[in-house]
Asks: 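Below are the structure tokens for one structure; questions will follow.
What you see is a predicted model, and the numbers here were worked out from it, not measured in a lab.
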Amino acid sequence: MYKAAGNRYEVMEYKRSGRSGVLLPRISLGLWQNFGLEKSLEEQKDILFRAFDMGITHFDLANNYGHPARGMAEENFGAILKSDLGRYRDELFISTKAGYDFWPGPYGNWGSRKYLMASLDSSLKRMGLDYVDVFYHHRPDPETPLEETMGALSDAVRQGKALYVAISNYQAPEAEKAIAMLRANGTPCLLHQPRYNMLERWVEDGLLELLDREGVGCICFSPLAQGALTDKYLSGVPEGSRASREGNTIGGRYLSEESLVKIRELNQIAASRGQTLAQMALAWVLRRSEVTSVLIGASSTAQLEDNVAALDHLAFEPDELEKIESVLSR
């Protein structure tokens with residue numbers, strides 16, 4: 001039986017999420033990759049246990065994680081909760097989401113009340129939980145009235161199936177409307193989860209300022225640009241890597257020749273700071289005061305430990321930020 005490290009809360013830094021009562025670890029673990037069919041349950045346990053031993057209390061899931069076996073990440077996480085982590089449930093902060101395609105037919109996608117409520121019930125069953133700490137709407141729905149979507153989130157709280165609600169992938173104007181509706185419903189928006197990294201900076205165009213003004217936390221996914229901001233692709237795309245798999249989204253989004261030139265220069269700046277590129281990329285996102293936490297993925301405990309070590313050196317000198325900006329702005 002797994003027993004958590006006694007010093008786990010002494011080795012992690014925590015930050016308040018907006019103006020809420022919730023503290024989140026500066027680095028949280030996302031189960032988007034590596035927690036479906038890719039690894040055995042024992043390998044998944046190793047990563048989850050090591051994360052918790054390092055003070056990572058927040059584990060982020062969604063109904064469709066585990067692709068192509070949608071729902072498998074929640075099933076696996078539920079099995080590990082049942083066998084080992086469940087005794088620490090009150091110390092864990094667990095989130096799930098709905099909004100992307102999950103089951104066939106007109107009720108398995110987007111943002112209808114029908115879809116969101118059914119999806120949350122299914123997620124709870126897969127994980128063996130009575131409630132999640134946070135339930136997200138995973139992406140905006142251009143056709144369903146926002147009042148319906150936000151109303152479903154609010155009712156999930158009232159029904160005791162979620163303690164808090166949140167949104168993901170919302171641009172600033174639509175996020176502002178959603179936040180106002182949730183507040184009017186008496187269920188304030190706890191978090192916004194946008195994609196933010198050195199190569200994708202749309203959140204700087206008003207969203208971060210909005211979240212700060214409204215007292216909403218920000219937890220960023222893909223801070224390493226799906227692995228592009230690591231040393232993995234400095235010499236090209238290695239065989240067997242995630243970017244080499246058919247149907248991957250990394251190559252087209254992040255690994256153009258122009259981006260690779262920037263990534264190699266950023267790697268040199270990271271080396272001068274005494275960090276890996278991944279560590280610097282995480283520190284760069286966390287430098288923003290509006291950012292509560294970053295979500296990382298992990299394929300091994302070694303990768304997890306290397307990423308968490310970014311917390312040892314979060315500060316940037318002005319000239320370092322200038323060098324980074326000169327690379328990114330070209």
Side-chain angles (χ1 to χ4, degrees), residues 17 22 24-25 27-41 43-52 56-86 88-103 108-109 111 115-139 152-153 156-157 161-169 190-195 217 219-223 226 292-299 304 307:
S17 179
V22 174
L24 291 181
I27 292 180
S28 301
L29 184 62
L31 277 63
W32 178 22
Q33 304 285 337
N34 301 305
F35 288 87
L37 299 173
E38 305 98 326
K39 295 187 177 296
S40 69
L41 204 61
E43 291 174 303
Q44 295 177 39
K45 284 183 179 183
D46 287 343
I47 296 170
L48 290 171
F49 296 167
R50 184 67 186 120
F52 191 47
I56 294 177
T57 53
H58 179 30
F59 299 98
D60 181 75
L61 298 102
N63 60 357
N64 62 340
Y65 287 1
H67 183 80
R70 295 170 179 152
M72 183 61 72
E74 289 181 330
E75 287 185 21
N76 288 340
F77 188 67
I80 296 170
L81 280 171
K82 184 176 181 179
S83 65
D84 293 277
L85 280 176
Y88 300 103
R89 174 62 183 101
D90 291 339
E91 299 180 42
L92 303 179
F93 204 80
I94 301 168
S95 61
T96 195
K97 316 178 196 72
Y100 281 94
D101 184 39
F102 190 65
W103 53 68
N109 205 345
Y115 173 44
L116 296 183
M117 301 305 273
S119 178
L120 178 54
D121 284 344
S122 297
S123 291
L124 292 175
K125 289 177 182 176
R126 282 189 290 273
M127 291 187 283
L129 294 173
D130 296 323
Y131 69 94
V132 290
D133 295 283
V134 184
F135 182 47
Y136 284 87
H137 186 220
H138 209 163
R139 62 169 172 172
L153 293 185
V157 174
K161 297 175 181 178
L163 299 185
Y164 302 91
V165 290
I167 55 177
S168 180
N169 292 305
L190 179 72
L191 286 163
H192 186 304
Q193 186 178 134
R195 185 191 301 266
I219 181 167
C220 303
F221 75 93
S222 288
Q226 296 179 250
T292 310
S293 180
V294 292
L295 276 167
I296 62 167
S299 59
L304 181 69
N307 287 349

Asks: What distance separates Glu43 CD from Asn76 CG, expressed to the nearest 0.5 Å?
Replies: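 Separation between the atoms: 11.5 Å.
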Asks: What are the two closest heavy atoms between Leu37 and Ala69, and how far apart are they?
Replies: CD1-CB, 3.8 Å
Asks: Between CG of Leu116 and NZ of Lys97, what distance do you get to the nearest 0.5 Å?
Replies: 13.5 Å
Asks: May I have the step-by-step check of side-chain contact (heavy atoms from CB on, under 4.5 Å) for Leu304 and Ile27, ending in yes or no?
Replies: CA-CA 10 Å; Leu304 181 69; Ile27 292 180; 5.9 Å; no
Asks: Test of understanding: with side chain to side chain donor-acceptor pair (under 3.5 Å), list the residues that count as partners of Asn109, not counting sequence neighbours.
Replies: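 Asn109 satisfies side chain to side chain donor-acceptor pair (under 3.5 Å) with Arg139 once adjacent residues are dropped.
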Asks: About how many Å separate NZ of Lys125 and CD of Glu75, when rounded to the nearest 0.5 Å?
Replies: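 It comes to 13.0 Å.
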Asks: Any donor-acceptor pair under 3.5 Å linking the side chain of Ser83 with the backbone of Ala79?
Replies: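 Yes, Ser83 side chain to Ala79 backbone: donor-acceptor pair under 3.5 Å.
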Asks: Is there a side-chain contact between Phe135 and Ser123, using heavy atoms and a 4.5 Å cut-off?
Replies: no
Asks: Check the pair Asn307, Val294 against side-chain contact (heavy atoms from CB on, under 4.5 Å), reporting the backbone distance first and the verdict last.
Replies: CA-CA 11 Å; Asn307 287 349; Val294 292; over 6 Å; no
Asks: Does Leu163 reach the side chain of Val22, with side-chain heavy atoms less than 4.5 Å apart?
Replies: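 With C-beta onward as the side chain, the pair stays apart.
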Asks: Is there side-chain contact between Asp101 and Asn64, with heavy atoms separated by less than 4.5 Å?
Replies: no
Asks: Mind checking side chain to side chain donor-acceptor pair (under 3.5 Å) for His137 and listing every partner two or more places apart, or none if nothing turns up?
Replies: Tyr170
Asks: When you compare the side chain of Tyr136 with that of Asn169, does any pair of heavy atoms fall below 4.5 Å?
Replies: no
Asks: Who passes ring pair (Phe, Tyr, Trp, His ring centres under 6.0 Å) against Phe35, sequence neighbours left out?
Replies: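 Ring pair (Phe, Tyr, Trp, His ring centres under 6.0 Å) check on Phe35 returns nothing, list empty.
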Asks: Taking all non-hydrogen atoms of both residues into account, name the closest pair between Ile56 and Leu29 and its distance.
Replies: CG2-N, 3.8 Å
Asks: Could you check whether any side-chain heavy atom of His58 comes within less than 4.5 Å of a side-chain heavy atom of Asp133, counting everything from C-beta outward?
Replies: no
Asks: According to ring pair (Phe, Tyr, Trp, His ring centres under 6.0 Å), who are the partners of Phe52, at least two apart in sequence or on a separate chain?
Replies: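 If we apply the ring pair (Phe, Tyr, Trp, His ring centres under 6.0 Å) test to Phe52, skipping adjacent residues, the hits are Tyr88.
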Asks: Given Asp60 and Ser28, is the side chain to side chain donor-acceptor pair (under 3.5 Å) satisfied, shown in steps?
Replies: CA-CA 8 Å; Asp60 181 75; Ser28 301; over 6 Å; no
Asks: Output all residues satisfying ring pair (Phe, Tyr, Trp, His ring centres under 6.0 Å) with Phe59, sequence neighbours left out; order by chain, then residue number.
Replies: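 Ring pair (Phe, Tyr, Trp, His ring centres under 6.0 Å) check on Phe59 returns Phe77.
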Asks: Got a second to check how far Leu124's CG is from Ser119's OG, nearest 0.5 Å?
Replies: 9.5 Å
Asks: Determine the minimum heavy-atom distance between Gly217 and Thr292, stating which atoms define it.
Replies: CA-OG1, 3.5 Å
Asks: Compare every heavy atom of Ala62 with every heavy atom of Thr96, then report the nearest pair and how far apart it is.
Replies: OG1-CA, 3.4 Å
Asks: So how far is it from Leu85 CG to Leu48 CG, rounded to the nearest 0.5 Å?
Replies: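 Between Leu85 CG and Leu48 CG, I get 6.0 Å after rounding to 0.5 Å.
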Asks: For a quick test of reading the model, state the closest non-hydrogen atom pair linking Phe221 to Ser168 and the distance between them.
Replies: CE2-OG, 4.3 Å
Asks: Is a side-chain N or O of Glu74 found less than 3.5 angstrom from the main chain of Tyr65, in a donor-acceptor match?
Replies: no
Asks: Of all heavy-atom pairs between Leu295 and Gly30, which one has the smallest distance, and what is that distance?
Replies: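 Shortest heavy-atom separation between Leu295 and Gly30 comes out as CD2-N, 3.8 Å.
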Asks: Do the side chains of Leu61 and Leu31 get nearer than 4.5 Å, heavy atoms only?
Replies: yes
Asks: Please tell me if the side chains of Leu191 and Tyr164 come closer than 4.5 Å, counting only heavy atoms from C-beta onward.
Replies: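 No; the side chains remain at least 4.5 Å from each other.
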Asks: Decide yes or no for Lys161 and Asp121: does some side-chain heavy atom of the first lie under 4.5 Å from some side-chain heavy atom of the second?
Replies: yes
Asks: Please walk me through it: do Asn34 and Ser299 pass side chain to side chain donor-acceptor pair (under 3.5 Å)?
Replies: CA-CA 6 Å; Asn34 301 305; Ser299 59; 4.9 Å; no
Asks: In chain order, what residues pass the ring pair (Phe, Tyr, Trp, His ring centres under 6.0 Å) check against Tyr100, with sequence neighbours excluded?
Replies: His138
Asks: Just verifying a value: how many Å separate Leu190 CG and Ser17 OG, rounded to the nearest 0.5 Å?
Replies: 4.0 Å
